[in-house]
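Just below is one structure, and these are the notes that go with it.
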Amino acid sequence: MISLSNRFILSQSFKNFPIKGNFFKNFYYPNRKFSELSMSFKIACIQLAVSSDKSKNLINAKNKILEASKNGAKLICLPECFNSPYGTQHFAQYAENIPNGESVKTLSEAAKESKTYIIGGSIPEREDSTGKLYNTCTVYDPEGSLIAKHRKVHLFDIDVPGKIVFKESDSISPGNSLTHFDTKFGKIGVAICYDIRFPEMAMIAAQEGCIAMFYPGAFNMTTGPLHWELLQRARALDNQFYVVTCSPARDMSATYNAWGHSTIVNPSGTVIATTEHEEVIIYADIGNKWNKKL
Ligand SMILES: O=C(O)CCC(=O)C(=O)O
């Protein structure tokens, strides 16, 4: 039995979120449009091999971003916790101030050099004024400006006897807001890993006009095979938008073994790109053309 003990009712956590007008008015989103500029554009997910050496992780991430952009990607996603091994024992050591840390500097340079949008997976963030840690995704435009920041809302606490025990809330504090940002291709939503289990976040993103929801994530060897793809296909079909996940590569010498299988799903719930668990970049063209292929 999976104990999802930190699950709380989203209507409470977002009780102040402004849902405008009649929420169900555009249930099938007939008016949501990709920008005229982009009937389709290429995206990339970098399934990065993450080590305990932060500088090495940052150099590797930047090199892979430049490689993906040379291959035509215009929007590039990194995995959850790309600068540090995933684990409550590591977060404080690898945590950085945002925007004054070295990971933000590296990703901003990489975005500017590659002239791409970057969804920077996540890093452990330290808020200097409170000392609190967050699991935070930063987003950059092609000029290298930091344009959005998402703090993981739903922290991953799990206890499956004999399989996996993990309590992210031991060291990380939860975020309390939703994150959507504009690109020249259309509006994009971002959330992190366990956030994908809470359908309301994706529904609100769709209602707000997002064309895709990106989830940097690091599922594990227990819940990965059970739910990773199913959740992505469900969120995509529910909301008729693209769902994109980006995991670290699997490292069997680490304390937390990521499932891998970074995946891109179209608005019909069909997997259009995926992989196994090694370090690799996956690509897909996303845009309005998907419905002509039904
Ligand atoms: O929801 C799950 O099963 C895994 C979530 C997770 O690994 C995370 O939030 O980091």
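When a ligand or atom number is given, it counts from 1 through the structure's own listing order.
Heavy-atom contacts of T223 reach the following atoms of ligand 1: 2 (C), 3 (O), 4 (C) (cutoff under 4.0 Å). Numbered from 1 in the order shown, with element, the atoms of ligand 1 that lie under 4.0 Å from a heavy atom of K152 read 8 (C), 9 (O), 10 (O). If you number the atoms of ligand 1 from 1 as listed, the ones under 4.0 Å from a heavy atom of E80 come out as 10 (O). Listed by number with element, the atoms of ligand 1 under 4.0 angstrom from any heavy atom of Y256 are 7 (O). Heavy-atom proximity to C193, at under 4.0 Å, picks out these atoms of ligand 1: 5 (C), 6 (C), 7 (O), 8 (C), 9 (O), 10 (O).
At a heavy-atom cutoff of 4.0 Å, ligand 1 is contacted by the side chain of Y86 but not by its backbone. Counting heavy atoms closer than 4.0 Å to ligand 1, residue W228 contributes nothing at all. Proximity of R197 to ligand 1, defined as any heavy-atom pair under 4.0 Å, is confined to the side chain (atoms from C-beta onward).
Looking at heavy atoms from C-beta onward, M252 lies out of side-chain contact with H277 at the 4.5 angstrom threshold. Using a 4.5 Å heavy-atom threshold, the side chains of W228 and T245 count as touching.
For ligand 1, the polar-atom distance check against A218 finds a nitrogen or oxygen pair separated by under 3.5 Å.
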Note to self: Show, in sequence, the C-alpha distance, side-chain angles and deciding distance for V160 and I158, and conclude whether the side chain to side chain contact (heavy atoms under 4.5 Å, CB included) test is met.
What the structure shows: CA-CA 6 Å; V160 184; I158 190 170; 3.8 Å; yes

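When the side-chain contact (heavy atoms from CB on, under 4.5 Å) test is applied to A273, the partners found at least two apart in sequence or on another chain are I264, I282, A284.
Across Y86, F219, F156, a single residue satisfies ring-ring contact (aromatic ring centres under 6.0 Å, His included) together with Y256, and that is Y86.
Ionic pairing of K149 and E125 is present here: one or more N-O contacts between side-chain nitrogen and carboxylate oxygen are shorter than 4.0 angstrom.
Sorted by first and then second residue, the salt bridge (Lys or Arg N to Asp or Glu O under 4.0 Å) pairs with a member in residues 83-98 read K54-E96; sequence neighbours excluded.
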